[in-house]
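Right, one structure below, let's go through it.
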Amino acid sequence: MSFPRRRQGVPSLPGITVTVRSHRNLATALERTREGDVVVIDQRDLDAATARAIVERKPRAVLNASEFISGRYANLGPELLTRAGVALFEGDRARVLGLDDGKELRLDGSTLYDGVVVALDVTPLGADLITERLDAARAGLATQLETFAHTSSELLRREEGLLLHGTGAPVLRTRIEGRPVLVVGPATSVAELKRLRAYVREQKPILIGVDLGAELLVRQGRRPDVLVLTGDGRIGDKALARSREVVLTGTGEASRARIERFSLPFHEVRTSLAGSDVGLLLARLDHARVIVMLGSPATLDDFVDRNLTDQASNVLTRLRAGTSVVEGASVPLLYTGRVRRWHVAVVVLAALVVLGVTVAATPVGHDWWGHLQTHLPAGLN
């Protein structure tokens with residue numbers, strides 16, 4: 001008779017176990033991401049809008065198949081992720097994109113292991129290296145601005161019909177004329193939108209969501225009247241289904257198929273303008289009373305966080321919109337909300353209480369009270 005031998009304990013391997021989240025559509029990958037996962041992206045010069053969307057999912061790390069900072073311009077995305085405590089890694093493009101979604105790997109230092117087998121060597125991008133690359137990118141800012149002037153003239157030549165005359169702009173089902181409009185861009189944060197809660201509740205503006213901006217509106221319990229969807233289609237199905245109508249810019253067969261699946265009314269606009277600028281232009285062409293912009297560049301750093309075409313798009317569209325545009329950050333300073341009936345009722349009631357107490361403290365008030373007591377039922381005296 002033989003007895004089973006006691007198994008030797010399996011030595012624990014160094015590092016931490018992480019789950020890979022990878023999809024050709026980043027919005028889909030982020031929907032699946034849980035706290036502590038590793039998100040795989042293919043974003044050269046990661047912008048702040050995408051970085052904010054990633055931070056909300058609280059991943060442990062982001063693995064990029066492209067350069068986080070190429071040096072073309074000082075993009076803000078990597079710095080934002082690092083401040084949020086998210087580790088950044090770069091790796092060989094083919095091998096990064098070859099990682100399977102949902103695969104559990106072991107991260108030890110700068111190496112990903114599949115069990116004990118090396119799956120991928122990665123290059124960490126720390127705060128010092130980010131600062132060094134951003135400084136190098138900012139050093140060429142003067143040259144970038146010269147290039148920007150040329151890019152602007154080219155964009156104006158190419159988009160003259162839409163920018164100056166509205167040629168090719170869709171006729172929206174949503175009635176905008178004479179009403180306020182709120183354009184929520186993909187770079188909008190939850191805090192920015194919450195600061196406009198009173199304005200949205202009381203003024204009831206037309207809501208135009210751009211890509212991830214529409215998702216933010218839906219998460220805050222709002223329904224986008226118009227969704228401006230750019231070619232990459234980075235938006236979840238829930239936000240897409242909640243939109244009343246869609247404006248699809250550029251080319252995107254996958255996005256068109258998703259829109260048709262939900263039987264949504266949609267329009268196509270072939271333009272190279274940035275999504276937020278398309279939303280702004282649509283509101284301006286339909287004669288909006290005022291256009292409030294959220295998630296749009298407001299500082300020089302925000303401005304250079306965009307590629308040259310988007311920079312030119314932003315400037316030219318703002319010039320076209322003129323004085324009807326208001327920055328979202330300025331609205332709470334200018335708008336304090338309207339006076340409601342219950343506000344007036346509370347003030348009047350407080351005034352009556354004060355008046356009653358004041359009168360009661362006088363000799364006349366004592367006489368009135370004594371006279372009143374003589375007429376009250378016995379049980380109330």
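Counting from 1, the numbers follow the sequence of the chain as shown. In this text, all values refer to a predicted model and were calculated from it rather than measured experimentally.
- Rounding to the nearest 0.5 angstrom, the gap separating the CG atom in L207 from the CG atom in L227 is 12.0 Å.
- Side chain of R52 to main chain of A187: a donor-acceptor pair is present (N/O by atom type, distance under 3.5 Å, no hydrogens or angles).
- V39 and V96 fall into different hydrophobic clusters, where Ile, Leu, Val, Met, Phe, Trp and Tyr residues are linked whenever their side-chain heavy atoms come under 4.5 Å apart, directly or through other members.
- A283 and I208 get closest at one heavy-atom pair: CB-CD1, 4.4 Å.
- Formation of a donor-acceptor pair under 3.5 Å by the R106 side chain with backbone atoms of G115 is found in this model.
- Checked by atom type and distance alone, the side chain of E192 pairs as donor or acceptor with a backbone atom of S189 at under 3.5 Å.
- Residues S152 and V315 fail the side-chain proximity criterion, which asks for heavy atoms closer than 4.5 Å.
- In this structure, CG in L134 is found 4.0 Å from CD1 in I69, a value given to the nearest 0.5 Å.
- Clustering ILVMFWY residues whenever any of their side-chain heavy atoms sit less than 4.5 angstrom apart, transitively, puts L88 in a cluster other than the one holding I16.
- Residue L273 holds its CG atom at 8.5 Å from OG1 of T249, rounded to the nearest 0.5 Å.
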**Request:** For salt bridge (charged side-chain N to carboxylate O under 4.0 Å, His left out), just list the numbers for R133 and E79, CA-CA rounded to whole Å, side-chain angles, deciding distance to a tenth of an Å, and then say yes or no.
**Result:** CA-CA 11 Å; R133 291 190 185 182; E79 196 172 38; over 6 Å; no
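- Residues E177 and R284 are not paired through a salt bridge, judged by the lack of any N-O separation under 4.0 Å between the basic side chain and the carboxylate.
- Shown here are the salt bridge (Lys or Arg N to Asp or Glu O under 4.0 Å) partners of R32, two or more places apart in sequence or in another chain: D101.
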**Message:** Let's go through V325 and L280 carefully: what are the C-alpha distance in whole Å and the side-chain angles of both, what is the deciding distance for side-chain contact (heavy atoms from CB on, under 4.5 Å) to 0.1 Å, and is it a yes or a no?
**Reply:** CA-CA 8 Å; V325 181; L280 169 59; 3.6 Å; yes
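- In this structure, S243 contributes its side chain and A239 its backbone to a donor-acceptor pair below 3.5 Å.
- Remark: L30 CG to H23 NE2 distance equals 11.5 Å, nearest 0.5 Å.
- Considering only heavy atoms from C-beta on, D211 stays 4.5 Å or farther from V228 through its side chain.
- Salt bridge status for D42 with R93: present, with a side-chain N to carboxylate O gap under 4.0 Å.
- Between the K204 side chain and the R201 main chain, a donor and an acceptor come within less than 3.5 Å of each other.
- Between the side chain of N75 and the main chain of G77, no donor-acceptor pair closer than 3.5 Å is present.
- Proximity of L105 to D114: side-chain heavy atoms (C-beta onward) are separated by under 4.5 Å at one or more points.
- Shown here for P332 and A329, the closest heavy-atom pair between the two residues is CD-O, 3.5 Å.
- Considering all non-hydrogen atoms of both residues, V62 and F68 come closest at O-CZ, 3.8 Å.
- Side-chain heavy atoms closer than 4.5 Å link hydrophobic residues (I, L, V, M, F, W, Y) into clusters, and following such links, possibly through other members, connects L156 to L162.
- Residues A288 and I176 share a closest heavy-atom pair of CB-CG2, 3.7 Å.
- Here L125 contributes atom CG and I130 contributes atom CD1; the two are 4.5 Å apart, rounded to the nearest 0.5 Å.
- Under 3.5 Å, the side chains of R158 and S272 contain a donor-acceptor pair of N or O atoms.
- Side chains of D277 and S313: a donor-acceptor N/O pair is present below 3.5 angstrom, by distance only.
- Between atom CD of residue E245 and atom CZ of residue R173 there is a gap of 7.0 Å, rounded to the nearest 0.5 Å.
- In this structure, the side chain of D37 engages the main chain of R34 through a donor-acceptor pair within 3.5 Å.
- Remark: side-chain polar atoms of E215 are paired, donor with acceptor, to backbone N or O of G236 under 3.5 angstrom.
- Side-chain atoms of R223 and V218, non-hydrogen and from C-beta on, never get closer than 4.5 Å to each other.
- Side chains of D47 and T50: a donor-acceptor N/O pair is present below 3.5 angstrom, by distance only.
- When side chains are defined from C-beta on, I206 does not count as touching L182, because their heavy atoms never get closer than 4.5 Å.
- Annotation for L97: hydrophobic cluster partners, listed by chain and number, are none (ILVMFWY side-chain heavy atoms under 4.5 Å, direct or chained).
- The nearest pair of heavy atoms linking P205 to D225 is O-OD2, 4.1 Å.
- Counting only heavy atoms from C-beta outward, the side chains of V183 and L282 never approach each other to under 4.5 Å.
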**Message:** Is there a side-chain contact (heavy atoms from CB on, under 4.5 Å) between L229 and I235? Walk through the geometry before answering.
**Reply:** CA-CA 8 Å; L229 188 61; I235 186 173; 3.5 Å; yes
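- Applying the salt bridge (Lys or Arg N to Asp or Glu O under 4.0 Å) test to E159 and every residue at least two apart in sequence or in another chain returns nothing.
- The hydrophobic cluster containing V210 does not contain L26, counting ILVMFWY residues as joined when their side-chain heavy atoms lie under 4.5 angstrom apart, directly or transitively.
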**Prompt:** Hey, mind stepping through V269 and V278 against side-chain contact (heavy atoms from CB on, under 4.5 Å) and telling me if it holds?
**Reply:** CA-CA 9 Å; V269 180; V278 172; 5.6 Å; no
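- By the 4.0 Å N-to-carboxylate-O rule, D121 lies too far from R95 to be salt-bridged with it.
- By the side-chain hydrogen bond (donor to acceptor under 3.5 Å, both in side chains) test, R57 pairs with no residue at all, sequence neighbours left out.
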**Request:** Dump the intermediate steps for side-chain contact (heavy atoms from CB on, under 4.5 Å) on R244 and V226, then the final yes or no.
**Result:** CA-CA 6 Å; R244 300 182 191 277; V226 181; over 6 Å; no
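- Within a 6.0 Å sphere centred on CG of D128, other residues, nucleotides and ligands contribute 12 heavy atoms or fewer.
- Panel note: side chain R195, backbone G328; no donor-acceptor pair is recorded below 3.5 Å.
- For S70, the side-chain hydrogen bond (donor to acceptor under 3.5 Å, both in side chains) partners two or more places apart in sequence, or in a different chain, are D45, R72.
- Only one option out of T111, L107, L63 pairs with L120 in a side-chain contact (heavy atoms from CB on, under 4.5 Å); it is L63.
- Shortest non-hydrogen contact noted between G185 and S276 is CA-OG, 3.5 Å.
- Ion pairing between a basic and an acidic side chain is recognised when a charged N comes within 4.0 Å of a carboxylate O; R219 and E56 show such pairing.
- With sequence neighbours excluded, the residues forming a salt bridge (Lys or Arg N to Asp or Glu O under 4.0 Å) with R261 are D237, listed by chain and number.
- Put simply, the side chain of T188 never gets that close to the backbone of V184: no donor and acceptor are under 3.5 Å apart.
- For the pair I54 and T33, the minimum side-chain heavy-atom distance is 4.5 Å or more.
- In the hydrophobic clustering of this structure, L294 does not group with V181; members are Ile, Leu, Val, Met, Phe, Trp, Tyr whose side-chain heavy atoms approach within less than 4.5 Å, directly or through other members.
- For the pair L248/H267, no side-chain contact is recorded, criterion being any heavy-atom separation below 4.5 Å from C-beta on.
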